[in-house]
Amino acid sequence: MAGPPGMTSVPKKRAPRLAAGRARALGMPTRGTTNPNRLRRVDRWILGTPWVAGAVRDAAEPVVIDLGYGATPVTTVELADRLRPLHPALRVVGLEIDPDRVAAGKAVADPPALEFRRGGFELAGLAAGVRDFPGPALVRAFNVLRQYSEAEAWKYWDELCARLGPDGLLVEGTCDEIGRRCCWVVLDRGGPLTFTMACLPSDLEKPSDLAERLPKTLIHRNVPGEKVHAMLAELDACWATAAPMAPFGPRARWAHAVRLFADRGWPVLDRHRRWRLGELTVPWSTVAPDR
């Protein structure tokens, strides 16, 4: 699988050997808040980003896991519908720790294309190395790690990455209740690769409003001296400079601000078509804190 354009690959970690069958569910139940279309922006980005979609399209066993889908299974059902064009044998598996949430999922299951299981960070028997299963092609984990400490978030990143398939990806992030403000990180077995911000530009006063939705590994780093703070400050400056584009609409202003940001030497990985959607993707090194 090819990685993000312009980025060199990172040596991949060896997947741990786990006991056969399903290990004890690891983690704590989330608040469970969810809404239809809450995760539409990240799903659209997965489909529209060739190297991410390719992780599913090129997988010998295209299993996608939706980790911690919440009180209702609606976003898992939507994920299965949206990713189905990528592979005729696609399997989407929703995992939850709360038995009542699993029961709600099973009521709308359509196996093998759409399944629901009780599980957490151990991935409910679908981790690499369990009964010779190669591991999932993609894990989507949204609004799962916010309840943990930063140190725990790093720990679960490492554990989830080690349980991916050889070319598998983890998409981990957070969003607001109706999906208008989102941030996420993509990781492979070697660790973090990219950082993405996605929004409805008309919902913002300035780009740094997205700071409230930074992943747990970054949210406490938005202070002077940290890379993510410098990035958001520069974006705010570009947004202010792009004010003359406001009459053409917030999307045009966002796209122009990102173009200014790239022109100032920041390593933007996507192009104007994605910017018009309210997106911006940079290499992880752009925002990476010292661990």
Side-chain angles (χ1 to χ4, degrees), residues 4-7 38-46 48-49 52 142-143 145-146 150 153-154 171-187 192-291:
M7 291 185 62
R38 187 182 186 186
L39 301 183
R40 63 193 180 280
R41 296 185 189 279
V42 64
D43 293 350
R44 179 181 64 190
W45 185 85
I46 290 169
T49 304
V52 180
F142 254 67
N143 306 303
L145 294 182
R146 288 179 69 83
E150 182 181 339
W154 283 104
V171 182
E172 191 277 316
T174 186
C175 67
D176 67 354
E177 285 73 11
I178 55 176
R180 291 184 173 184
R181 301 181 181 188
C182 317
C183 294
W184 61 82
V185 178
V186 178
L187 308 91
L193 299 173
T194 61
F195 168 70
T196 297
M197 302 165 62
C199 65
L200 180 67
S202 61
D203 190 54
L204 303 177
E205 290 188 10
K206 56 187 183 303
S208 62
D209 291 348
L210 284 164
E212 66 185 23
R213 296 300 163 183
L214 288 170
K216 191 67 178 188
T217 53
L218 293 176
I219 196 165
H220 300 302
R221 303 297 188 128
N222 186 29
V223 294
E226 292 281 356
K227 292 179 181 178
V228 69
H229 182 272
M231 175 181 167
L232 290 172
E234 187 75 19
L235 273 173
D236 281 353
C238 293
W239 178 258
T241 302
M245 296 296 293
F248 299 99
R251 291 183 183 274
R253 184 178 179 183
W254 175 273
H256 190 65
V258 176
R259 183 178 298 281
L260 292 171
F261 181 74
D263 290 345
R264 294 182 183 186
W266 290 80
V268 177
L269 293 177
D270 44 19
R271 294 293 181 264
H272 186 268
R273 186 171 65 87
R274 308 304 309 184
W275 308 340
R276 285 281 304 178
L277 296 173
E279 299 173 3
L280 169 62
T281 298
V282 297
W284 170 250
S285 59
T286 308
V287 296
D290 294 328
R291 290 186 65 174

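Side chains included, hydrogens not; waters and symmetry mates left out as well; all remaining heavy atoms used.
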Drop me the distance from C199's SG to L204's CG, to the nearest 0.5 angstrom.
4.5 Å
Residues passing the side-chain contact (heavy atoms from CB on, under 4.5 Å) test with R264, sequence neighbours excluded, are E234, A237, C238, T241, W266
Identify, with sequence neighbours excluded, every residue that meets side-chain hydrogen bond (donor to acceptor under 3.5 Å, both in side chains) alongside S208.
D236
Counterpart residues, salt bridge (Lys or Arg N to Asp or Glu O under 4.0 Å), relative to D209 (two or more places apart)
K206
Could you tell me whether the side chain of R41 and the main chain of G179 form a donor-acceptor pair under 3.5 Å?
yes
Applying side chain to side chain contact (heavy atoms under 4.5 Å, CB included) between L269 and each of T196, T286, T194, V282, report the one that passes.
T194
Ring pair (Phe, Tyr, Trp, His ring centres under 6.0 Å) filter on F195, not counting sequence neighbours, yields none
Measuring from I46:CD1 to L39:CG, what's the distance to the nearest 0.5 Å?
9.0 Å
Shortest non-hydrogen contact between H256 and A242, atoms and distance
CD2-CB, 3.7 Å
Look only at the side chain of R251 and the backbone of R276, and say whether a donor-acceptor pair between them is shorter than 3.5 Å.
yes
Can you see which heavy atom on E150 is nearest to which on T217, and at what distance?
OE2-O, 3.8 Å
Can you name the side-chain hydrogen bond (donor to acceptor under 3.5 Å, both in side chains) partners of R40, sequence neighbours left out?
none
Under the side-chain hydrogen bond (donor to acceptor under 3.5 Å, both in side chains) test, residues paired with R213 that sit two or more places apart
none
Which value, rounded to the nearest 0.5 Å, describes the distance between L187 atom CG and E172 atom CD?
7.5 Å
Separation between CZ (R259) and CE (M245), nearest 0.5 Å, reads 9.5 Å
Dump the intermediate steps for side-chain contact (heavy atoms from CB on, under 4.5 Å) on L280 and L235, then the final yes or no.
CA-CA 10 Å; L280 169 62; L235 273 173; 3.6 Å; yes
Heavy-atom pair of closest approach, residues R38 and C175
NH2-O, 3.2 Å
Nearest heavy-atom neighbours spanning E279 and V258:
O-CG2, 4.4 Å
Point-to-point distance, once rounded to the nearest 0.5 Å, from CG of L214 to CZ of R146:
8.5 Å
Is a side-chain donor or acceptor of R253 paired with a backbone partner of P201 at a separation under 3.5 angstrom?
no
Atom of R221, atom of E226 and distance for their closest heavy-atom approach:
O-CB, 2.9 Å
For R44, does the CZ atom sit with more than 12 other heavy atoms under 6.0 Å from it, leaving out its own atoms?
yes
To the nearest 0.5 angstrom, please state how far the CD1 atom of I178 sits from the CG atom of D203.
6.5 Å
Heavy-atom side-chain contact between V186 and W284 under 4.5 Å:
no
Looking only at heavy atoms, which two atoms of L232 and A211 are closest? And how far apart?
CD1-CB, 3.9 Å
